[in-house]
Amino acid sequence: MVDVVVAPAGGSRDYPGKMTFYVFFACLIAATGGLIFGYDVGISGGVTSMDSFLEKFFPAVHRKELDTVSTNQYCKFNSQLLTAFTSSLYLAALVSSLFASTMTRKLGRKWSMFSGGATFLVGATLNGAAVNVAMLILGRLLLGIGIGFASQSVPLYLSEMAPARLRGMLNIGFQLMITIGIFVANVINYGSDKIKGGWGWRVSLALAAVPGAIIAIGALKLPDTPNSLIERGHGEEAKAMLRKIRGTTDIDAEYEDLVVASNQSRRVKHPFANIRMRKYRPQLTMAILIPFFQQLTGINVVMFYSPVLFKTIGFGSSASLMSAVITGLVNVIATFVSIFTVDKLGRRKLLLEGGIQMFVAQIVLAILIGIKFGTSGVATLSKTYAMFVVVFICIYVAGFAWSWGPLGWLVPSEIFPLEIRSAGQSINVAVNMLLTFAIAQVFLPMLCHLKFGLFFFFAGWMFIMTIFVAFFVPETKNVPIEEMILVWKKHWFWGNFVADEDTNIEELEMGGPSKGIPVATQN
Ligand code: BGC
């Protein structure tokens, strides 16, 4: 049987379709994959600032913390072992995201999501029951593997299920769940810290099993995306799925584009080798630089260490955890700004505005902390002064939450052609995790050495990445995912890497040679 697919003659087209309840619900469940990531980000900072936890697993750090009340505040938490605990997870996530690529491509997106949730569940159980550092670290490695699988598959799933015009909104469900996970973890830490008897940290760590179970069970119920069904040879199922998720029978145009993409995809046997080809240079650059920049905003300094940071500037233990709850709430609420504007304003405007806002907030924070603590690191802050610090941290977090946070996941998940999509997303996750690891690892020593200058350091990166967005990140709102190549072709710089024949959406015979009918670029 020969399937003939005819190219769209006028370039990028809009497919019919609306947001159906079915697609909304599927995306909601899939997005809960973000909960496991967020829960962990939020829980580790709080747990590592709890006295009972430190006393049990890191007694040396605890002694130092007690001993150094009056000495340099910038350096009192500087412990390699403690940072190794926080950051070990991200190395595991990095490695597992590379394996997840094959599973996501060959078995479908849902099995990667399931594996992520299930492994996370086991890790959480081990952590809650930990009696020594070995159990703690092993548990964290499993949590990391889970996060690697989920972060690799969920953003792809969301971007493929969503109709082009609502892709930003639905994809940001992942980031929203990350922020909810962080917030819930902060609240749980605040409560469990108050448990008498010194086992509050167990509650914090064991409750990670809940989001793990949600995504594992949820994934079992999820349908796979039409793109993945076609890629794995289930054409009829894919058609039925498209009708269901688009709420219309008029799905032929979209189906045809997916088939073309899938045929091209089948010719690619080694996606990781192929992604190095010149024509993929724009996408590869983004897969590396976007997560790199996202982490160099310094967001995880606030997310992991805000209780430590607040303690450093003189808040009590409980007040520190409370302030982390406040920044966590700002993070969730500000994400909605992105959800409701990303498909209208577009990705670039949000990145540019958020970048400038974060830059300014970092500079103000550096000055506020510098004035009081100078380089000696000794100071007491008045209540009003401390409130100012918290307010600027919130302004900074809000800027991240509607720009680099969600778009750091959305943009990479929507720019790859199908044949390298899974590999590209793995690179994105791996770079993200590597940088998260590095920042978690070097933050405490950096705070000790750079002191308030640490905030200038991140502000410098904010400046560079905002310039990068202005010149090199194209607008991708509303462009159908399998027609993204046209966006690169049109770009003043990236267009040089894409030859005319690369933009052909060809007339293909299933399994046969391509004839190559060029398509006009999008205007
Ligand atoms: C980042 C995480 C970060 C979180 C904060 C995510 O987009 O990848 O590293 O902790 O946002 O909300």
Side-chain angles (χ1 to χ4, degrees), residues 31 33-46 86-87 89-94 97 143-144 147-148 150-152 154-155 158 168 171-186 211 287-307 309 324-339 342 347 350-351 354-355 358 393-413 425-443 458 461 465:
L35 281 180
I36 60 177
F37 185 3
Y39 189 84
D40 194 83
V41 169
I43 222 73
S44 358
T86 303
S87 53
L89 178 151
Y90 295 93
L91 283 187
L94 188 169
S97 71
L143 296 182
I147 290 177
S151 318
Q152 200 273 344
V154 172
L158 297 173
N171 182 289
I172 294 177
F174 178 63
Q175 175 71 14
L176 181 67
M177 292 293 177
I178 295 181
T179 62
I180 292 177
I182 296 176
F183 174 67
V184 169
N186 287 340
I288 296 171
L289 282 187
I290 289 183
F292 178 88
F293 284 145
Q294 191 209 46
Q295 289 305 314
L296 278 165
T297 57
I299 188 66
N300 281 322
V301 160
V302 176
M303 292 300 143
F304 295 147
Y305 296 113
S306 60
L309 209 62
V325 171
I326 294 172
T327 50
L329 194 60
V330 170
N331 197 16
V332 176
I333 294 172
T335 305
F336 282 99
V337 174
S338 201
I339 290 184
V342 70
R347 285 59 166 152
L350 286 174
L351 282 171
M358 292 167 84
I393 289 186
C394 289
I395 292 177
Y396 163 81
V397 169
F400 178 86
W402 60 60
S403 64
W404 280 95
L407 301 180
W409 292 104
L410 167 63
V411 175
S413 78
Q425 179 66 2
S426 289
I427 295 175
N428 174 42
V429 178
V431 174
N432 196 308
M433 297 302 157
L434 181 68
L435 265 289
T436 309
F437 166 79
I439 300 230
Q441 199 66 31
V442 301
F443 166 67
F458 286 120
W461 281 107
M465 69 186 81

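Numbering of ligands and ligand atoms starts at 1, following listing order. When a residue number appears, it is its place in the shown sequence, counting from 1.
- By the 3.5 Å distance cut-off applied to N or O atoms, W404 is not counted among the residues near ligand 1.
- At the top of the distance list for atom 4 (C) of ligand 1, counting protein heavy atoms only, stands I178 CG2, 4.0 Å.
- Note: W409 and F174 have perpendicular aromatic rings, judged against thresholds of 30 and 60 degrees for the angle between ring planes.
- The shortest N or O to N or O distance between T436 and ligand 1 is not below 3.5 Å.
- The side chain to side chain contact (heavy atoms under 4.5 Å, CB included) search around L434 returns L94, not counting sequence neighbours.
- Atoms of ligand 1 lying under 4.0 Å from any heavy atom of I182, numbered from 1 in the order shown and given with element: 5 (C), 12 (O).
- Across every non-hydrogen atom of I36 and G33, the tightest pair is CG1-O, 3.1 Å.
- Contact annotation: for W409 versus ligand 1, heavy atoms closer than 4.0 Å belong to the side chain alone.
- A heavy-atom separation below 4.0 Å is found between F400 and ligand 1.
- Side-chain atoms of T327 and N331 form no donor-acceptor pair, as typed in the model, at a separation below 3.5 Å.
- Contact analysis puts G405 in contact with ligand 1, with a non-hydrogen atom separation below 4.0 angstrom.
- Side chains of M358 and S403 form a contact here, defined as non-hydrogen atoms less than 4.5 Å apart.
- By the 30° and 60° cut-offs, the orientation of the rings of Y90 relative to F37 is tilted.
- Residue-ligand proximity, N331 to ligand 1, at heavy-atom distances under 4.0 Å covers atoms 5 (C), 12 (O).
- Close contacts between ligand 1 and N432 involve ligand atoms 8 (O) [criterion: under 4.0 Å to a heavy atom].
- Distances between N or O atoms of Q294 and those of ligand 1 include at least one value under 3.5 Å.
- Closest to atom 3 (C) of ligand 1 among all protein heavy atoms lies N300 OD1, 3.4 Å.
- Side-chain atoms of N171 and S413 form a donor-acceptor pair, as typed in the model, at a separation below 3.5 Å.
- Residues T335 and Q175 bring no donor and acceptor atom of their side chains to less than 3.5 Å of each other.
- Just one of N300, T436, N432, N428 meets the side-chain hydrogen bond (donor to acceptor under 3.5 Å, both in side chains) condition when paired with Q294; it is N432.
- Nearest to atom 6 (C) of ligand 1 among the protein's heavy atoms is Q175 OE1, 3.4 Å.
- Taking every heavy atom of V41 and a limit of under 4.0 angstrom, the matching atoms of ligand 1 come to 10 (O).
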